[in-house]
Amino acid sequence: MAGHLVVVAGPDQGKMFPISDGQTRVIGRGQQSDTVINDPHMSRVHCRVQADGAIIRLMDANSSTGTFFRDAKIENVELPPGGVFRVGNSAIRYQLEVTGDDQTLMNAQPPRAGVSQIPLSELVGTTLSRYRLDSVIAEGTSSTVFKGFDLEKNRTVAVKVLKPDVTQDDEHKERFVRAMKTMMPIRHKNIVRLYYAGKNGPLCWAAMEYVDGENLAKVISRIGVRGMLDWKEVFRIAVDVCRALDESYRQKILHRNVTPANILRRNSDKTCLLADLMLAKALEGTLAKQVTQPGQIVGELPYLSPERTRDGLDVDHRSDLYSLGATLYALLTGKPPFEAASIVELVRSIRDAEPTDPKKYQLSINDGFRDVVMHLLQKRPDDRYQTPDDMMRQLERIATYNQIAMD
């Protein structure tokens, strides 16, 4: 069965090697290999690809760094059409044939047949523009986030790829790209920075700052096991995210999904950064209506404001402030303000019930900071802080009184 091995990532990206029935390709960086790839992280003889009729086998050749397929280190595995394997810092795809169109799209395309149906995780090992997709960080209902590498800037990045059904036609794709480009100049220490965005075939994607840390959902999951967070630690998180929301307010951007999962805390200095602000901007207009239909509840329900559980048409930045309050409440207590056995009961509680005083779960919480959190959780938007700056002024008073450094 005729086919090609196509280098889709690495120093020799774009090279193609034909492989025919009965042939064995010896892949490595040394002259002992008949398929030489200039990758210093590969062994001189790294692996072999053997074609036997319809069966293509990938075999490691006792390489120093290993041969990987579907994120697993392998010794001998059958390689399907479209399968991508990794050797050194290179990724190679086996495909049955290469057409002229394939050659123009190979720099980032998964197998072209049925691309809108395959899991986005199958993109691991391919590249989008200059970004190599190395592993999956997270998967959501509308996108997958990859840990990647910028081959031009030599830096680690995060790459968010939207599922094809989110951007079904050219108009939505162009809207996405235009919106993302307008966001690129934004620089703020508490907002995940957007580097670049683009579209390849049915895929829209954005490359952004990689934060070496964890999201606050993971922090909350540990509460109760390792003990509650000190209120001053939660206070510093509140300052960071409030600053991010103040910038989004100035840019007239509504986030819509401020949740623990979308707030990243960096390991090195514990600074928090708000993620997905760029996507929020891109989803304005008709694309937002496609993703969020009237009457449809989207997001992590326990962190949605009361108005978000209704039609969502009158939602503004005060809804984001509510969601920040719900996140802070969970950080203080180990759980969101409201929990219930069913969605109906949970929505009813969000709309009508009063949250339990967080001091019931942690007596040491400062009264002033407790009041800030409860003020954010007011049912009516008019009863909350009206702007992030209003909230920040109150946080500054608490910091001064309790001798807490704001930076």
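Position 1 is the first residue of the sequence; numbering continues from there.
- Phe68 has its side chain out of reach of Val87: every pair of non-hydrogen atoms, C-beta onward, lies at least 4.5 Å apart.
- With respect to Asp246 and Arg250, a salt bridge is recorded, a charged nitrogen being found less than 4.0 Å from a carboxylate O.
- A distance-only check finds a donor-acceptor pair linking the side chain of Asn215 to the backbone of Ala217 [under 3.5 Å].
- Between the side chain of Glu214 and the backbone N or O of Arg266 there is no donor-acceptor pair closer than 3.5 Å.
- Under the side-chain hydrogen bond (donor to acceptor under 3.5 Å, both in side chains) criterion, Glu345 pairs with no residue at all, not counting sequence neighbours.
- In this structure, His4 has its ring center no closer than 6.0 Å to that of Phe17.
- Residues Leu123 and Phe146 form a side-chain contact, since some pair of their non-hydrogen atoms from C-beta on lies under 4.5 Å apart.
- Identified under the ring pair (Phe, Tyr, Trp, His ring centres under 6.0 Å) test for residues 232-253, with sequence neighbours left out: Phe235-Phe369, Tyr249-His317.
- Side-chain contact between Ile27 and Ser33 is absent, with no heavy atoms from C-beta onward closer than 4.5 Å.
- In this structure, the ring of Tyr131 has its center less than 6.0 angstrom from the ring center of Trp205.
- Inspection of the His41 and Asn89 side chains reveals an N or O donor paired with an N or O acceptor under 3.5 Å.
- Side-chain contact annotation: Arg25 with Thr35, donor-acceptor N/O pair under 3.5 Å present.
- Remark: Asp212 pairs with Tyr210, Asn267 by the side-chain contact (heavy atoms from CB on, under 4.5 Å) rule, at least two apart or across chains.
- Checked against side-chain hydrogen bond (donor to acceptor under 3.5 Å, both in side chains), Glu78 has no partners two or more places apart in sequence or in another chain.
- For the pair Val258 and Leu245, the minimum side-chain heavy-atom distance is below 4.5 Å.
- Looking only at side-chain heavy atoms (C-beta outward), Glu209 and Leu273 come within less than 4.5 Å of each other.
- Between Leu79 and Phe69, the closest side-chain pair of non-hydrogen atoms falls below 4.5 Å.
- Here the CG atom belonging to Asp230 is positioned 10.0 Å from the CD1 atom belonging to Ile365, to the nearest 0.5 angstrom.
- Here Ser90 pairs with Asp39 under the side-chain hydrogen bond (donor to acceptor under 3.5 Å, both in side chains) rule; sequence neighbours left out.
- Taking all atoms of both residues into account, the shortest heavy-atom contact from Leu328 to Met391 is CD1-CE, 4.3 Å.
- Contact record, Ile237 with Cys272: CG1-SG, 3.7 Å, taken as the closest heavy-atom pair.
- Under the 4.0 Å criterion applied to side-chain N and carboxylate O atoms, Lys147 and Asp134 are not assigned as salt-bridge partners.
- Between the Gln386 side chain and the Pro381 main chain, a donor and an acceptor come within less than 3.5 Å of each other.
- Contact between Met374 and Gln378 at its shortest, heavy atoms only, is O-NE2, 3.3 Å.
- At least one side-chain heavy atom of Leu301 sits less than 4.5 Å from a side-chain heavy atom of Thr309.
- Among residues at least two apart or in separate chains, salt bridge (Lys or Arg N to Asp or Glu O under 4.0 Å) pairs with a member in residues 358-371 are Asp357-Arg370, Lys359-Asp367, Asp367-Arg370.
- Asn190 contributes no side-chain N or O that, together with a main-chain N or O of Ala244, makes up a donor-acceptor pair within less than 3.5 Å.
- Looking at residues two or more places apart in sequence or on another chain, you find a side-chain hydrogen bond (donor to acceptor under 3.5 Å, both in side chains) between Thr67 and Asp60.
- A search for ring pair (Phe, Tyr, Trp, His ring centres under 6.0 Å) contacts involving Tyr329 returns nothing, not counting sequence neighbours.
- Counting only distance, with no hydrogens or angles, the side chain of Asp320 and the backbone of Arg256 share a donor-acceptor pair below 3.5 Å.
- Applying the salt bridge (Lys or Arg N to Asp or Glu O under 4.0 Å) test to residues at least two apart or on different chains, the pairs with a partner in residues 373-390 are Glu307-Arg384, Arg318-Asp382, Arg380-Asp382, Arg380-Asp383, Asp389-Arg393, Asp390-Arg393.
- Checking side-chain atoms of Ser319 against main-chain N and O of Val315 turns up no donor-acceptor pair under 3.5 Å.
- Pairing each heavy atom of Leu120 with each of Val161, the nearest pair is CD1-O, 3.4 Å.
- Residues forming a side-chain contact (heavy atoms from CB on, under 4.5 Å) with Lys270 (at least two apart in sequence, or on another chain): Arg265.
- Smallest separation of non-hydrogen atoms from Leu58 and Cys47: CD1-SG, 4.1 Å.
- Under the side-chain contact (heavy atoms from CB on, under 4.5 Å) criterion, Gln403 pairs with no residue, sequence neighbours left out.
- Judged purely by atom type and a 3.5 angstrom limit, Asn402 uses its side chain to pair as donor or acceptor with the backbone of Ile398.
- Counting heavy atoms from C-beta on, the side chains of Phe85 and Val49 come closer than 4.5 Å.
- Between Glu247 and Arg187 there is no salt bridge, since no side-chain nitrogen of the basic residue lies less than 4.0 Å from a carboxylate oxygen of the acidic one.
- Residue pairs satisfying the side chain to side chain donor-acceptor pair (under 3.5 Å) criterion with at least one member in residues 42-58, sequence neighbours excluded, are listed as follows: Ser43-Ser64, His46-Ser63, Arg57-Asn76.
- Under a cutoff of 6.0 Å and an axis angle of 45°, Arg351 and Phe338 do not form a cation-pi pair.
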